[in-house]
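Fair warning: this is a prediction, and the values are worked out from it, not measured in the lab.
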Amino acid sequence: MRINTIERTQLIGTDIESAWDFFSDPSKLAEITPDWLNFRVVSPLAPRMYEGMIVEYRIKPFAGVSVQWVTEITHVDEPGFFVDEQRFGPYKFWHHKHFFEETENGVLMSDSVHYSLGFGPAGSLIHHFYVRKKLEEIFDYRYEKLERIFG
């Protein structure tokens, strides 16, 4: 099984408390996800995430194909970081770390995602020609959206 990685950083023009308030609210994920993914939460949400929280949602990564995705918030260290891991969904493995560091110019947010599709050589081809590009598009969209939200 090949593990792929996406690393992203972004300086957000806000203080650490405001950044944490935004990112610890599970309902905000839909706000920073592109419309073409047809992302919708299908489980009840607490107003703030916590360790052990399960979030269920549906996405449509391909036209007309709806996929269930279940994640668990496995680690929370307010306001420094949190980790979400897929429990059920489109990936064989998904581990996403979110870090927040206050600087004199705002909050440096870092994402580190380790993931695998599985499916051997076929999964590698699908990753190369489709999945990697779509994940990059999602993170590009989030970057632009967060720039608009936080200035």
Side-chain angles (χ1 to χ4, degrees), residues 1-43 45-61 67-118 123-124 126-151:
M1 176 173 72
R2 179 187 163 117
I3 301 293
N4 303 289
T5 305
I6 292 179
E7 306 272 347
R8 290 290 183 103
T9 60
Q10 181 173 3
L11 186 62
I12 300 171
T14 192
D15 60 272
I16 192 83
E17 292 82 14
S18 297
W20 186 262
D21 285 346
F22 182 87
F23 289 99
S24 67
D25 178 350
S27 70
K28 297 295 187 187
L29 184 55
E31 188 176 337
I32 60 172
T33 301
D35 292 340
W36 60 260
L37 199 54
N38 295 295
F39 176 93
R40 63 186 176 88
V41 176
V42 296
S43 61
L45 292 177
R48 288 178 72 91
M49 72 176 151
Y50 55 87
E51 286 183 15
M53 181 179 191
I54 300 292
V55 181
E56 299 174 62
Y57 37 89
R58 299 210 56 91
I59 59 172
K60 289 186 180 176
V67 177
Q68 181 183 18
W69 194 338
V70 178
T71 60
E72 178 182 359
I73 305 299
T74 58
H75 300 82
V76 177
D77 185 8
E78 183 176 342
F81 75 94
F82 70 93
V83 177
D84 66 84
E85 297 181 21
Q86 176 188 280
R87 293 295 175 240
F88 180 81
Y91 296 91
K92 183 168 184 147
F93 177 79
W94 178 273
H95 184 269
H96 185 180
K97 297 176 282 192
H98 311 253
F99 296 96
F100 306 91
E101 178 185 343
E102 191 159 37
T103 72
E104 62 184 40
N105 298 318
V107 174
L108 182 63
M109 181 185 72
S110 302
D111 285 286
S112 178
V113 182
H114 293 83
Y115 65 99
S116 177
L117 290 178
S124 292
I126 294 166
H127 176 260
H128 177 75
F129 288 107
Y130 185 78
V131 172
R132 178 71 182 207
K133 292 173 186 170
K134 289 301 182 184
L135 287 173
E136 294 288 350
E137 286 177 23
I138 290 167
F139 279 94
D140 289 347
Y141 179 88
R142 287 184 181 170
Y143 186 97
E144 293 168 13
K145 187 73 171 186
L146 291 169
E147 284 289 304
R148 288 193 299 272
I149 291 168
F150 291 105

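Under 4.0 Å is where a charged nitrogen must lie from a carboxylate oxygen, and between Glu137 and Lys133 no such pair does.
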Begin with the C-alpha distance, continue with both residues' side-chain angles, and end with the deciding distance and a verdict on side chain to side chain contact (heavy atoms under 4.5 Å, CB included) for His127 and Tyr115.
CA-CA 10 Å; His127 176 260; Tyr115 65 99; 2.6 Å; yes
Any chance you could lay out the side chain to side chain contact (heavy atoms under 4.5 Å, CB included) test for Phe22 and Ile12, step after step, and finish with the verdict?
CA-CA 12 Å; Phe22 182 87; Ile12 300 171; over 6 Å; no
Should Met109 and Tyr143 be marked as a side chain to side chain contact (heavy atoms under 4.5 Å, CB included) after you check the CA-CA gap, both sets of side-chain angles, and the distance that decides it?
CA-CA 10 Å; Met109 181 185 72; Tyr143 186 97; over 6 Å; no
Given Lys28 and Phe23, is the side chain to side chain contact (heavy atoms under 4.5 Å, CB included) satisfied, shown in steps?
CA-CA 7 Å; Lys28 297 295 187 187; Phe23 289 99; over 6 Å; no
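Closest approach of Ile3 to Ser116, counting heavy atoms only: CD1-CB, 4.1 Å. The two residues Pro61 and Leu37 come nearest to each other via the heavy atoms CA-CD1, 4.0 Å. Contact detail for Tyr141 and Thr33: the closest heavy-atom pair is CE2-C, 3.5 Å. The heavy-atom pair separating Asn38 from Lys60 by the smallest distance is ND2-CB, 3.7 Å. Looking at every heavy atom in both residues, Ile32 comes nearest to Arg142 through O-CG, 2.8 Å. The two residues Pro26 and Pro47 come nearest to each other via the heavy atoms CD-O, 3.9 Å.
Rounding to the nearest 0.5 Å places CG of Leu108 at 9.5 Å from CD of Gln10. From Ile138, atom CD1 reaches atom CD1 of Ile59 across 7.0 Å, with rounding to the nearest 0.5 Å. Between the CG atom in Asp15 and the CD atom in Glu102 there is a gap of 6.0 Å [rounded to 0.5 Å]. Taking OG1 from Thr71 and OH from Tyr57, the interatomic distance works out to 3.5 Å, rounded to the nearest 0.5 Å. Taking OG of Ser18 as the reference point, atom CD1 of Ile149 lies at 12.5 Å (rounded to 0.5 Å). Atoms CD and CG, from Glu147 and Leu11 in turn, are 8.0 Å apart once rounded to the nearest 0.5 Å.
Glu101 is linked by a side-chain hydrogen bond (donor to acceptor under 3.5 Å, both in side chains) to nothing, counting only residues two or more places apart in sequence or in another chain.
With 3.5 Å as the limit, one finds a donor-acceptor pair spanning the side chains of Arg2 and Asn4. No side-chain donor-acceptor contact under 3.5 Å links Thr103 and Asn105.
Ring pair Phe100/Trp20 is perpendicular by interplanar angle, where above 60° counts as perpendicular and below 30° as parallel. Between His96 and Phe139, the two ring planes are perpendicular [angle over 60°; tilted spans 30° to 60°].
The backbone N or O of Asp111 lies less than 3.5 Å from no partner atom in the side chain of Arg8, so there is not a single donor-acceptor pair. Counting only distance, with no hydrogens or angles, the side chain of Ser43 and the backbone of Val55 share no donor-acceptor pair below 3.5 Å.
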Just distance, no hydrogens or angles: give the donor-acceptor pairs under 3.5 Å from side chains in residues 76-85, sequence neighbours left out.
{"unit_1": "Glu78", "atom_1": "OE1", "unit_2": "Arg48", "atom_2": "NH2", "d": "3.4"}
{"unit_1": "Glu78", "atom_1": "OE2", "unit_2": "Arg48", "atom_2": "NH2", "d": "3.1"}
{"unit_1": "Asp84", "atom_1": "OD1", "unit_2": "Trp94", "atom_2": "NE1", "d": "3.3"}
{"unit_1": "Asp84", "atom_1": "OD2", "unit_2": "His98", "atom_2": "NE2", "d": "2.7"}
{"unit_1": "Glu85", "atom_1": "OE1", "unit_2": "Arg87", "atom_2": "NH1", "d": "3.3"}
{"unit_1": "Glu85", "atom_1": "OE1", "unit_2": "Arg87", "atom_2": "NH2", "d": "3.3"}
{"unit_1": "Glu85", "atom_1": "OE2", "unit_2": "Thr74", "atom_2": "OG1", "d": "3.3"}

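Taking a 6.0 Å sphere around NZ of Lys134, one finds it holds more than 12 heavy atoms contributed by other residues, nucleotides or ligands.
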